[in-house]
There are 2 protein chains.
Amino acid sequence: MDEAARQERIAEFERLSREQGRRLTVQRRVILEAVLDLDNHPSADGVFDRVAGRIPGVARTTVYRTLDELNSMGLISKACHPGRVVRYDTRIDHHHHLFCTSCNEFIDITDERLDALVIPDTSGWDFEVSELRVQLLGTCGRCRQSERKEESK
Amino acid sequence: MDEAARQERIAEFERLSREQGRRLTVQRRVILEAVLDLDNHPSADGVFDRVAGRIPGVARTTVYRTLDELNSMGLISKACHPGRVVRYDTRIDHHHHLFCTSCNEFIDITDERLDALVIPDTSGWDFEVSELRVQLLGTCGRCRQSERKEESK
DNA sequence: TTAAGTGCAAAAGCTTTGCGGGTAG
DNA sequence: CTACCCGCAAAGCTTTTGCACTTAA
């Protein structure tokens with residue numbers, strides 16, 4: 001994330017916090033900065049590792065609680081994937097994911113045709129759509145290589 | 001799932017098992033039948049509940065292991081969602097999901113425009129795509145109703 | 001001042017692992 | 001017969017909860 005977008009997101013965080021009567025603490029600010037700096041859709045634990053280097057003695061609990069709040073505030077979101085740990089996404093613009101089912105890593109992509117997708121009429125299901133996400137599952141180059149090495153053993 | 005499709009999936013399971021040298025046990029057969037019968041993208045625990053009624057004394061472990069195998073065999077798949085428990089999907093035809101972020105339930109949908117989507121060129125990322133999934137996140141009718149009731153209290 | 005936030009410890013929930021006995025092929 | 005599979009118990013990992021202390025406003 002470039003510096004301008006980063007600063008803007010932090011400003012938005014401060015604005016929303018005041019608006020919603022949330023307190024601006026060091027922990028919250030550093031946790032937000034940490035997620036924004038990590039670009040690979042980190043888990044709570046990944047964020048904790050980074051935060052722990054900056055606030056000695058910070059509690060895991062605080063990271064979990066804060067990430068959940070940032071998600072509620074719409075400043076970050078939870079990524080969709082087939083695994084079992086919750087992972088967060090800092091991009092809130094329209095984009096899509098490649099997800100490697102072998103190493104569980106995400107790759108962000110943008111694609112005209114995918115972007116052109118229109119949310120279909122879901123009135124038949126009585127469902128209010130807030131977001132459309134496209135996910136491409138497969139295997140990344142690195143994992144395919146190691147699979148080949150494994151086979152040729 | 002209609003009876004014909006169900007029988008076909010079970011036959012496929014038996015064929016693949018023999019082909020891959022896996023043993024056909026009562027547990028595996030009943031676990032497969034259970035997932036196929038549950039249409040709401042069950043978690044391992046949900047499958048276990050149903051299986052436990054049919055094989056007294058079956059171990060949770062067995063259900064976890066078997067679901068993982070059925071997934072490897074391509075007979076079922078893991079659903080993508082923002083939560084933390086793994087959930088399975090028995091439909092292997094092309095379809096998409098509505099996912100209610102309030103009650104964590106899936107609704108299967110088919111839509112012409114979504115079906116018409118072409119997997120974009122991902123060669124630039126050195127990534128082999130095996131599947132394209134579209135997910136619509138939002139809130140189902142029931143949850144919107146209870147939210148309204150909550151507000152008017 | 002004081003209610004919201006934090007850290008700590010413990011619990012809870014989901015899943016995996018190791019192992020001895022059981023069973024399909 | 002024997003390699004694979006199952007049940008059991010325990011561990012492992014991620015996340016949540018309860019509570020007393022701290023701190024932003």
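Values in this document were obtained by computation on a predicted structure and should not be read as measured data. Throughout, a chain's letter reflects where its sequence line sits, starting with A, and its residues are numbered from 1.
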Give every pair of a protein N or O atom and an N or O atom of nucleotides 1-4 of chain D that lie under 3.5 Å apart, one pair per line with the distance.
{"from": "D:dA3", "atom 1": "N3", "to": "B:R23", "atom 2": "NH1", "distance (Å)": "3.3"}
{"from": "D:dA3", "atom 1": "N3", "to": "B:R23", "atom 2": "NH2", "distance (Å)": "2.8"}
{"from": "D:dC4", "atom 1": "O4'", "to": "B:R23", "atom 2": "NH2", "distance (Å)": "3.3"}
{"from": "D:dC4", "atom 1": "O2", "to": "B:R23", "atom 2": "NH1", "distance (Å)": "2.8"}

Flag the pair [X] and [Y] as a salt bridge only when some basic side-chain nitrogen lies within less than 4.0 angstrom of an acidic carboxylate oxygen.
X	Y	result
B:R50	B:D37	yes
B:R6	B:E8	no
B:R15	B:E12	yes
B:R28	B:E69	yes

Measure [atom1]/[X] against [atom2]/[N] and give the value in whole Å, please.
X	N	atom1	atom2	result
A:Q20	D:dA24	CD	C1'	17 Å
B:R54	D:dC6	CZ	P	18 Å
A:F48	C:dG7	CZ	P	10 Å
A:D45	D:dT16	CG	P	13 Å
A:R87	D:dT14	CZ	P	12 Å
A:R29	D:dA24	CZ	P	11 Å
A:I55	D:dT23	CD1	P	13 Å
B:E14	C:dA24	CD	P	15 Å

**Residue-phosphate contact under 4.0 Å: A:Q27 side-chain N/O, D:dT23 OP1/OP2** =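 Answer no for this pair, as no side-chain N or O of A:Q27 is under 4.0 Å from OP1 or OP2.
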
**Item:** D:dA24 OP1/OP2 closer than 4.0 Å to side-chain N/O of A:T25
**Value:** no

**Prompt:** Looking at B:L137 and A:F127, what are the two nearest heavy atoms and their distance?
**Reply:** C-CE2, 4.1 Å

Can you tabulate the close N/O pairs, meaning under 3.5 Å, that link protein atoms to atoms of nucleotides 16-20 of chain C?
none

Looking only at side chains, do [X] and [Y] share a donor and an acceptor under 3.5 Å apart?
X	Y	result
A:D111	A:H96	no
A:H95	A:D115	no
B:H81	A:H81	no

**Asked** Closer to the 5' end of DNA chain C via nearest nucleotide, is it B:S43 or A:E69?
**Response**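 Whichever sits nearer the 5' end wins; that is A:E69.
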
**Message:** Can you tell me how the ring of A:H41 sits relative to the ring of A:H97, calling it parallel under 30°, perpendicular over 60° and tilted otherwise?
**Reply:**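 Perpendicular: the ring planes of A:H41 and A:H97 meet at over 60°.
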
